[in-house]
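Let me begin by presenting the structure, written as C-alpha cells, before commenting on it.
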There are 2 protein chains.
Amino acid sequence: MSPMDSAAARDRALDAAEELYYARGVSCVGMDELRGTSGLSLKRLYQLFPAKEQLVAAYLARRDERWRGRLAARVARQPEARERIPAVFDWLEEWFGEPGFRGCAWINVHGELGATSELVAEQVRAHKEAFRDYLDTLVAEADLPAALTGPLFLLAEGAMVTAGITGSTRPAAEAREAARTLVAAAGRDGLSRPAPTA
Amino acid sequence: MSPMDSAAARDRALDAAEELYYARGVSCVGMDELRGTSGLSLKRLYQLFPAKEQLVAAYLARRDERWRGRLAARVARQPEARERIPAVFDWLEEWFGEPGFRGCAWINVHGELGATSELVAEQVRAHKEAFRDYLDTLVAEADLPAALTGPLFLLAEGAMVTAGITGSTRPAAEAREAARTLVAAAGRDGLSRPAPTA
DNA sequence: CCATCTGGAGAACGCTCGTTCTCCCTTGCT
DNA sequence: AGCAAGGGAGAACGAGCGTTCTCCAGATGG
C-alpha cells in the first residue's frame, strides 16, 4: 500500500461514483453503497475526499476530461474542417445510443444540485463553457462566422436534454441537419468565406 | 370546512409546492416546510395528496397548464402566422429574465427524479411532447414543412437549459435568430410555400 | 519478539426525511 | 346543552443519510 496505491484507490472511487451517480442520481446513492461498489473502506474514501460534495466534483471533473477527449478524438477523424461540425452530432448520436445513456450528466446534476451546491454548479458552468469553446474553435477552423457557435451549441444542448428525456437518438440527427442548414446559410453570406466551394 | 375549501386548500398546497420546489429542488424541501409555507396542516396535506410524489406530479401538471397557457397567449398576439415562431423565443426571453428564473422546471426535475420516479418522468415526457405538438401547430399554420418542428424544439430546449445554467437571457436571442434562419431556409425550398413573399 | 502504527470492517451518532399518531379544540347537528 | 366529527398543532416513528469512532488484524522497525 505505497502512496502509489492512493492514485489507484482514487480511480476506484471515481469509477464507482461515475457508475452509480450517473445511473441513478447523486442523492440516491449513499456513501455506503459507494463503499461496496468501489471496494474501498469508508475511512479511505473520506481521506481521499473530505466530503461527498468533493467526490461529486471530482467525478464531474474527470468525466469532463474524458467526455471532451472522446468527442475531440471522434471529430478529429474528419479531415475536412467544415465537416467536423456535423461530426460533433454524429458523435452525439453514437453517445445517445450507448447502453445506459441517461442524458447529459452535467445537465442532470445541475437540476439535482445546482441550487444547493455552488461547487457543483461551478463544475457544470465550466464544462458547458469548455464545450462551447470547443465548438467555437471548430467554427473558426471552418472559417465560419463566430455567431454560428451559439446556435450550434444550443442545438447540441437541446439534443442532449431531449435524448435524455425521451431515450431516443433521433434528436442528434435532427440537430445535425439543422446545423448543416445553419452552416450553409452562414457560408452563403459574404461575411467570412473560405476558398470558393465550386 | 365546506367542500369548496378543499379546492382552495389544494391551490394553497400547490402554490407552496411550486414556489419551493422550483426555487430549491424537490428533495431539498421537506413536507414540514411545505406545511409552514402553505399554512395547511400536515394532516390536510396528506389527505389532499397521499404522498409527496403525487404532490410533485400535481405541481408539475398545474404548472404545465399555466406555462403553456402563458406561451400561447403571448404568441397569439402575433397576427402574422410566420412571425409566431420567433414570438415563441420572444416569450422565452421574457421568461428567462423574470426574477427567480431557475431554468425549465421539467428539465430540472427530470435530472433530479427522472431516474427514481416513473410518475414524475411521465409528467416530464408529457409536458415536452405537448410543447413540441404546440410548435408543430405553429409550423403547420405557417405553411412550413413539418420537418422544421424538431430543430425549433431543440433550439428552444437548448435555450432553456443554457439559460438555466448560465442565468443569462442571451440564449433566447441566439435561438430566435437561428430559428429565423431555419424558417427562411425552409421557405426557400419549393416544398411548402405560402403566397410569394416579394 | 515486542511496540507501534496503518488501514479495514462496520457500529455508532446526529440529523433529516416522509409518514402516521395523539391530543385538543372547534363546529354543527338534534 | 350535549355529543359525535373533523381539523390543527406538532410529537413520534422508522428509515436513511453523511460523517465519525471503535476495535482489531497485520505489517514494520528496533
Side-chain angles (χ1 to χ4, degrees), chain A residues 1-60 109 112-113 115-120 123, chain B residues 1-60 109 111-113 115-120:
Chain A
M1 321 275 176
S2 46
M4 186 62 72
D5 274 31
S6 182
R10 211 185 130 88
D11 281 348
R12 299 250 297 256
L14 293 177
D15 287 346
E18 181 150 12
E19 175 187 336
L20 297 174
Y21 287 162
Y22 179 67
R24 310 217 312 266
V26 170
S27 41
C28 262
V29 177
M31 296 299 279
D32 249 38
E33 191 170 2
L34 239 111
R35 175 180 65 96
T37 302
S38 68
L40 266 48
S41 74
L42 236 36
K43 196 191 243 178
R44 205 109 158 80
L45 275 174
Y46 272 93
Q47 77 189 25
L48 286 165
F49 306 96
K52 187 182 184 182
E53 190 182 24
Q54 328 243 353
L55 175 54
V56 174
Y59 139 62
L60 290 174
V109 87
E112 196 179 350
L113 304 174
T116 302
S117 162
E118 187 48 43
L119 183 60
V120 167
Q123 288 281 340
Chain B
M1 327 250 177
S2 49
M4 186 63 71
D5 275 29
S6 182
R10 212 184 129 88
D11 281 348
R12 299 250 299 257
L14 293 178
D15 289 345
E18 182 151 10
E19 176 187 335
L20 298 174
Y21 287 163
Y22 179 67
R24 310 218 309 268
V26 170
S27 41
C28 264
V29 177
M31 296 298 280
D32 250 37
E33 191 170 3
L34 240 113
R35 174 179 67 95
T37 302
S38 69
L40 268 48
S41 73
L42 237 37
K43 195 191 240 175
R44 205 109 157 79
L45 275 174
Y46 272 93
Q47 76 190 25
L48 286 165
F49 307 97
K52 187 182 184 182
E53 190 183 22
Q54 328 243 352
L55 176 53
V56 175
Y59 139 62
L60 290 174
V109 87
E112 196 178 351
L113 303 174
T116 301
S117 162
E118 186 48 42
L119 182 60
V120 167

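Values below: all heavy atoms of this structure, side chains included; hydrogens, waters and symmetry mates excluded. Convention: sequence-line order gives letters A, B, ...; per-chain numbering from 1.
With sequence neighbours excluded, the residues satisfying salt bridge (charged side-chain N to carboxylate O under 4.0 Å, His left out) with Glu118(A) are Arg125(A).
The side chain of Ser41(A) lies closest to dA9(C) when the candidates are dT20(C), dA9(C), dG18(D). Which of dG10(C), dT19(D), dT19(C) sits closest to the side chain of Tyr46(A) comes down to dT19(D). Which of dG8(D), dG7(C), dT19(C) sits closest to the side chain of Lys43(A) comes down to dG7(C). Side-chain atoms of Lys52(A) lie closest to dT19(D) of the nucleotides dG10(D), dG7(C), dT19(D).
We find that CD of Glu112(B) is positioned 14 Å from C1' of dC17(C), with the value rounded to whole Å. To the nearest angstrom, P of dG7(C) lies 10 Å from CG of Leu48(A). The separation between Glu33(A) atom CD and dC17(D) atom P is 8 Å, rounded to whole Å. Counting to the nearest Å, the P atom of dG18(C) and the OH atom of Tyr21(B) are 7 Å from each other. Distance, Leu55(A) CG to dT19(D) C1': 14 Å, rounded to whole Å. Going from atom CG of Leu34(A) over to atom P of dG18(D) covers 9 Å, rounded to whole Å. Separating the CE atom of Met31(B) from the P atom of dT19(C) is a distance of 6 Å, rounded to the nearest angstrom. Summarising the geometry, the separation between CG on Leu45(A) and C1' on dA9(C) is reported as 13 Å, rounded to the nearest angstrom.
Distances shown here put every side-chain N or O of Arg35(B) at or beyond 4.0 Å from the OP1 or OP2 atom of dA9(D).
When each of Lys52(B), Glu53(B), Glu112(B) is paired with Ser117(B), the side chain to side chain donor-acceptor pair (under 3.5 Å) condition holds for Glu53(B) and for no other. Across Glu18(A), Arg12(A), Arg10(A), a single residue satisfies side-chain contact (heavy atoms from CB on, under 4.5 Å) together with Leu14(A), and that is Arg10(A).
Each of Leu42(A) and Gln47(A) lies near DNA chain C, and the nucleotide nearest Gln47(A) is the one positioned closer to the 5' end. Each of Asp32(B) and Asp32(A) was assigned the nucleotide of DNA chain C with the nearest heavy atom; the assignment lying further toward the 5' end belongs to Asp32(A).
Annotation: ring pair (Phe, Tyr, Trp, His ring centres under 6.0 Å) contacts involving residues 36-57 of chain B, sequence neighbours excluded, are absent.
Counting only heavy atoms from C-beta outward, the side chains of Leu34(A) and Leu42(A) never approach each other to under 4.5 Å.
Note on Leu40(B): nothing from the nucleic acid sits closer than 4.0 angstrom, heavy atoms only.
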